[in-house]
Amino acid sequence: MPYNLIPAVQMFTVREFIQTAEGLEQSMRRIRAMGCRDVQFSRVGTGIDPDFITALLKELDMHVFVTHSPMDRIFNDLPALIREHHAWGCDSIGLGNLDNRYLDDGYEGYTRFIRDIKPVVQELKREGMTFAYHSHSFEFIRYQGRYMYDRLIEETDPEGFHFIQDSFWMRYGGINHPKYMEKVAGRMEVLHVKDFTTRIGYFGECECMTGTIGEGNIDYRPLLEVCQRTGVKYLAIEQDRCLRDPFDCLKDAYVELKRIVEE
């Protein structure tokens, strides 16, 4: 049975190619040529004029559904960031990685982050927007007997503080992914999708790597079933490290993901 989910592209995969206006345009055109309309912005060159991006999105009929924005801008340049997102038709500002100034202090660091992000979330709600937190595995380190991810769920505003989970990092951390998708039901519109591949390391050990969907060990059908009932809309293909041309990886992953979604 087909799933009501949208295969999309996380631009972090091609971050090296999108540092200039010319590079961004070429990259967006290549992604659009794959048949993909929906993208997440991440690591886009800071010197690119937002108005150029707005015009490019309109020309290519492409849609930005969430971003990963620099923490410094989220805290210190929020009004301008909001204006850019409104111009792009994007109603969610995301954070790709928690800064070390919070991570290094463990439990107390998360306490400070939950406090510091609260006024940001409130302002975004006033603008009809949400904040989206992208997790890795370190949120599942236990401090004082608790996963910090549980604190983020329980101690933030469910209407304004949303989540982006990642199929690789949840598996890498040994987490029951469907369980945590259920925990954030209604608070997660985007799931990062990639594959979990392994190879033999220099000393014979098993190395885990992000891979192209269809070439690794993640069975997506059970996850898509949970996506369907918990409110996920976008499946954002992201491959942190590519051993071949990243655009080829994206294209192969997109074709495979569409096949799974449409079956």
Side-chain angles (χ1 to χ4, degrees), residues 10-13 15-16 19 40-46 66-78 81-82 85 92-125 129-177 179-184 187-194 196 205 207-211 218 236 238-241:
Q10 215 296 42
M11 298 292 287
F12 181 79
T13 309
R15 56 197 177 277
E16 296 177 3
Q19 298 310 301
Q40 174 182 348
F41 276 170
S42 179
R43 294 285 186 90
V44 175
T46 56
V66 71
T67 64
H68 277 172
S69 296
M71 178 175 278
D72 182 64
R73 291 202 68 196
I74 291 173
F75 284 131
N76 301 311
D77 194 25
L78 188 60
L81 199 58
I82 288 172
H85 281 66
S92 185
I93 294 177
L95 179 67
N97 195 67
L98 194 59
D99 195 271
N100 283 345
R101 70 177 183 263
Y102 295 109
L103 288 176
D104 290 348
D105 290 336
Y107 190 95
E108 293 304 322
Y110 281 91
T111 299
R112 290 202 320 275
F113 174 70
I114 291 168
R115 179 199 66 204
D116 293 349
I117 202 65
K118 184 176 180 179
V120 172
V121 172
Q122 291 173 335
E123 180 60 24
L124 290 178
K125 283 179 64 177
M129 302 175 71
T130 58
F131 172 78
Y133 180 95
H134 173 265
S135 58
H136 292 81
S137 298
F138 46 72
E139 292 87 358
F140 293 92
I141 297 173
R142 291 183 186 272
Y143 296 108
Q144 300 185 22
R146 296 180 67 191
Y147 286 146
M148 294 301 95
Y149 200 88
D150 287 331
R151 292 192 64 198
L152 294 175
I153 296 172
E154 297 163 10
E155 299 178 30
T156 59
D157 180 353
E159 293 182 359
F161 190 109
H162 286 197
F163 294 88
I164 300 173
Q165 292 179 4
D166 186 299
S167 60
F168 175 91
W169 290 113
M170 296 297 277
R171 179 158 181 167
Y172 185 85
I175 305 304
N176 183 330
H177 195 179
K179 173 184 175 181
Y180 270 87
M181 292 172 72
E182 297 280 6
K183 279 194 170 191
V184 298
R187 298 177 68 179
M188 184 169 74
E189 291 79 31
V190 181
L191 175 68
H192 280 184
V193 293
K194 63 196 73 168
F196 189 99
E205 75 280 11
E207 293 182 347
C208 303
M209 301 175 59
T210 61
I218 294 180
E238 178 188 58
Q239 193 166 334
D240 306 53
R241 180 184 178 192

What verdict does the side-chain hydrogen bond (donor to acceptor under 3.5 Å, both in side chains) test give for Thr156 and Arg187, after you've listed the backbone C-alpha separation in whole Å, the side-chain angles of each residue and the deciding distance to 0.1 Å?
CA-CA 11 Å; Thr156 59; Arg187 298 177 68 179; 2.9 Å; yes
Tell me whether [X] contacts the main-chain N or O of [Y] through its side chain, where contact means a donor paired with an acceptor under 3.5 Å.
X      : Y      : answer
His134 : Gly96  : yes
Gln40  : Val190 : no
Ser167 : Lys194 : yes
Arg112 : Asp105 : no
Thr210 : Arg241 : yes
Arg142 : Met148 : no

Would you say [X] has more than 12 foreign heavy atoms packed within less than 6.0 Å of its [atom1]?
X      : atom1 : value
Gln122 : CD    : yes
Lys183 : NZ    : yes
Phe196 : CZ    : yes
Glu207 : CD    : yes
Arg151 : CZ    : yes

Under the side-chain hydrogen bond (donor to acceptor under 3.5 Å, both in side chains) rule, what do Gln165 and His192 come out as? Steps first, then yes or no, please.
CA-CA 6 Å; Gln165 292 179 4; His192 280 184; over 6 Å; no
Is the closest side-chain heavy-atom distance between Val193 and Ile218 below 4.5 Å?
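No, side chains not in contact.
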Contact between Ile93 and Leu81 at the side-chain level, heavy atoms closer than 4.5 Å - yes or no?
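Ile93 reaches Leu81 side chain to side chain.
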For [X] against [Y], the heavy-atom pair lying closest together:
X      : Y      : value
Ile82  : Glu123 : CD1-CG, 4.1 Å
Ser69  : Leu95  : O-CD1, 3.9 Å
Ala132 : Val66  : CB-CG2, 4.2 Å

Pair Thr13, Met11 - check side chain to side chain contact (heavy atoms under 4.5 Å, CB included), show working.
CA-CA 5 Å; Thr13 309; Met11 298 292 287; over 6 Å; no
Parallel under 30°, tilted from 30 to 60°, perpendicular over 60°: which one fits the rings of Phe161 and Phe131?
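Answer is tilted, since the angle falls between 30° and 60°.
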Taking only Lys NZ, Arg NE, NH1 and NH2, and the carboxylate oxygens of Asp or Glu, determine whether Asp157 and Lys118 approach each other closer than 4.0 Å.
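Salt bridge absent between Asp157 and Lys118.
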Would Glu155 and Arg146 pass as an ion pair if we require N to O under 4.0 Å?
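Yes, this pair counts.
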Tyr133: which of Leu98, Ile117, Asn97, Ile164 passes side chain to side chain contact (heavy atoms under 4.5 Å, CB included)
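Exactly one option meets the side chain to side chain contact (heavy atoms under 4.5 Å, CB included) with Tyr133, and it is Leu98.
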Between Arg171 and His177, does a side chain to side chain contact (heavy atoms under 4.5 Å, CB included) hold up when you go through it step by step?
CA-CA 7 Å; Arg171 179 158 181 167; His177 195 179; over 6 Å; no
Rounded at 0.5 Å granularity, tell me how far [atom1] in [X] sits from [atom2] in [Y].
X      : Y      : atom1 : atom2 : result
Leu124 : His162 : CG    : NE2   : 11.0 Å
Asp166 : Ile175 : CG    : CD1   : 12.5 Å
Asp116 : Arg101 : CG    : CZ    : 7.5 Å
Gln10  : Leu191 : CD    : CG    : 12.0 Å
Arg15  : Arg43  : CZ    : CZ    : 6.5 Å
Tyr147 : Glu154 : OH    : CD    : 13.0 Å

My understanding is that only one of Phe168, Trp169, Tyr149 makes a ring-ring contact (aromatic ring centres under 6.0 Å, His included) with His136; could you say which?
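Passing option: Trp169.
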Could you please spell out the steps behind the ring pair (Phe, Tyr, Trp, His ring centres under 6.0 Å) verdict for Phe113 and Tyr102?
CA-CA 7 Å; Phe113 174 70; Tyr102 295 109; 5.5 Å; yes
